[in-house]
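Given the structure is predicted, the values throughout are model-derived calculations rather than measurements. FYI, the numbering just counts along the sequence from 1.
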Amino acid sequence: MATAGSAAVQRLRLRTELRDARLAADLTQRQVADQMEWSPSKLIRIEAGEVGITVNDLRSLLAFYHVEDTDRVARLLELARGSRKMPFTEYRDIYHKEFLDFLAMEASAWINRTFQSLVLPGLLQTEEYASATIRAYSPGESAAQVDRMVEARMLRQDVLDSEQAQFFFIVDESVIRRQVGGPKVMRAQLRQLAELAARPRINVMILPFSLGAHAASAGPFTLFEFKEDVPTFVYLENPRGSATVSTSPDEAATYLDLFQDLESKVIKEHVSEMLLRVADGMGSAQTDLLLPTS
């Protein structure tokens with residue numbers, strides 16, 4: 001996934017440089033679109049990193065911007081070539097663009113910080129747990145579509161084998177106790193989670209019930225940080241996936257502070273042992289609340 005993941009970062013770097021070059025040339029997006037005989041939306045999407053740009057179009061654009069330094073031109077052309085193939089584009093028929101962008105950033109990030117209050121993050125899910133979750137979230141999907149979504153989720157997990165990336169996952173205690181898919185599926189899930197938590201670059205932390213209300217009660221979020229000179233990405237989720245994306249430095253700082261505040265309150269020692277104990281007790285006794293009998 002390293003090559004595919006780097007495409008996302010290259011597109012981010014290219015969009016930033018192209019916007020800076022346009023502003024340095026004192027041109028509006030409308031002026032550029034008219035000169036290039038493009039629709040205004042095409043340039044907007046290129047500068048937003050939503051689409052790539054062909055090498056020929058880029059050469060013409062740089063000439064219009066009077067970018068003549070040969071080293072800079074060569075570097076930008078290389079960024080354009082490297083950003084053409086974004087990861088997971090073969091799943092664009094089942095995922096909306098925001099989520100595909102999320103997957104591209106996930107594959108590229110140097111540091112991944114995720115808080116989840118409802119289900120385990122996709123990177124940590126077993127195939128059976130993922131299937132149960134997707135079926136619950138998307139009851140109208142066909143079996144074939146669910147299978148493709150599960151396939152994509154399993155492919156995402158290749159990034160966990162990266163020797164550079166670091167992962168910090170905080171999950172609410174309810175996440176490890178809810179029997180998603182039934183006791184058997186959940187036991188297998190918790191045992192796999194215990195194995196992942198023992199890896200040196202994967203940090204799994206539990207936010208205990210005893211904490212009560214907390215500042216992240218509003219919902220799940222993810223922070224992606226990069227080694228390259230691109231902004232931190234903040235993803236805020238609704239029950240259907242990524243809903244809001246921000247690269248605002250202020251918003252990134254707010255959510256980083258929130259994550260670090262949660263880190264100071266979580267269970268982070270002996271997590272693997274704890275998960276195995278919960279797995280061993282899963283389904284062995286009635287744990288749901290019981291209605292009073294008349």
Looking at [X] and [Y], would you say the former's side chain and the latter's main chain have a donor-acceptor pair under 3.5 Å?
| X | Y | value |
| --- | --- | --- |
| Lys268 | Glu263 | yes |
| Asn203 | Phe167 | yes |
| Arg15 | Ala48 | yes |
| His270 | Glu273 | no |
| Arg187 | Met282 | yes |
| Ser131 | Glu127 | no |
| Gln31 | Thr28 | yes |
| Gln189 | Leu124 | yes |
| Tyr65 | Leu23 | no |
| Gln157 | Gln125 | yes |

Minimal non-hydrogen separation, [X] against [Y], with atom names:
| X | Y | value |
| --- | --- | --- |
| Pro121 | Val171 | CD-CG1, 3.8 Å |
| Ser272 | Ala198 | OG-N, 3.6 Å |
| Leu258 | Ala216 | CD1-N, 4.0 Å |
| Gln116 | Pro220 | OE1-CG, 3.6 Å |
| Val150 | Ala130 | CG2-C, 4.3 Å |
| Leu58 | Leu76 | CD2-O, 3.4 Å |

- Run the ring-ring contact (aromatic ring centres under 6.0 Å, His included) check on Phe102 and Phe233 step by step: do they pass? CA-CA 9 Å; Phe102 174 90; Phe233 269 61; over 10 Å; no
Separation of [Y] [atom2] from [X] [atom1] (nearest 0.5 Å):
| X | Y | atom1 | atom2 | value |
| --- | --- | --- | --- | --- |
| Leu223 | Met105 | CG | CE | 14.0 Å |
| Arg30 | Trp38 | CZ | CH2 | 14.0 Å |
| Arg178 | Leu118 | CZ | CG | 7.0 Å |
| Thr232 | Glu225 | OG1 | CD | 4.5 Å |
| Phe88 | Leu100 | CZ | CG | 9.5 Å |

Would you say that [X] contacts [Y] through its side chain, given a criterion of any heavy-atom pair below 4.5 Å between the two side chains?
| X | Y | result |
| --- | --- | --- |
| Pro40 | Gln29 | no |
| Thr222 | Arg113 | no |
| Val230 | Arg13 | yes |
| Lys227 | Gln164 | yes |
| Leu123 | Asn112 | yes |
| Phe209 | Asp172 | yes |
| Arg81 | Val55 | yes |

For the [atom1] atom on [X], are there more than 12 heavy atoms of other groups (residues, nucleotides or ligands in this structure) within a distance under 6.0 Å?
| X | atom1 | result |
| --- | --- | --- |
| Arg19 | CZ | no |
| Asp26 | CG | no |
| Glu37 | CD | no |

Looking at [Y] and [X], is there a salt bridge between them, counting it only when a charged N and a carboxylate O are closer than 4.0 Å?
| X | Y | value |
| --- | --- | --- |
| Arg22 | Glu47 | yes |
| Asp161 | Arg199 | yes |
| Asp57 | Lys42 | yes |
| Glu17 | Arg72 | yes |

- Message: Looking only at side-chain N and O atoms, does Glu151 offer a donor or acceptor that is under 3.5 Å from a partner on Tyr91?
- Response: yes
Any chain of hydrophobic side-chain contacts (each under 4.5 Å) joining [X] to [Y]?
| X | Y | result |
| --- | --- | --- |
| Val271 | Leu276 | no |
| Ile44 | Leu61 | no |
| Met149 | Met154 | yes |

- Show the numbers, then the answer: is there a salt bridge (Lys or Arg N to Asp or Glu O under 4.0 Å) between Arg191 and Asp280? CA-CA 9 Å; Arg191 287 167 182 156; Asp280 290 342; 3.3 Å; yes
- Task: Mind running salt bridge (Lys or Arg N to Asp or Glu O under 4.0 Å) on Arg75 and Asp71 for me, showing each step along the way?
- Result: CA-CA 6 Å; Arg75 179 167 52 80; Asp71 289 342; over 6 Å; no
- Sequence neighbours excluded, every pair satisfying side chain to side chain donor-acceptor pair (under 3.5 Å) that has a member inside residues 209-218: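 Counting only pairs at least two positions apart or across chains, no side chain to side chain donor-acceptor pair (under 3.5 Å) contact touches residues 209-218.
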Pairs of donor and acceptor atoms involving the side chains of residues 248-255, under 3.5 Å and at least two apart or interchain, shall be tabulated with distances.
residue: Ser248; atom: OG; partner: Asp250; partner atom: N; Å: 3.3
residue: Ser248; atom: OG; partner: Glu251; partner atom: N; Å: 3.3
residue: Glu251; atom: OE1; partner: Ser246; partner atom: OG; Å: 2.9
residue: Thr254; atom: OG1; partner: Asp250; partner atom: O; Å: 3.0

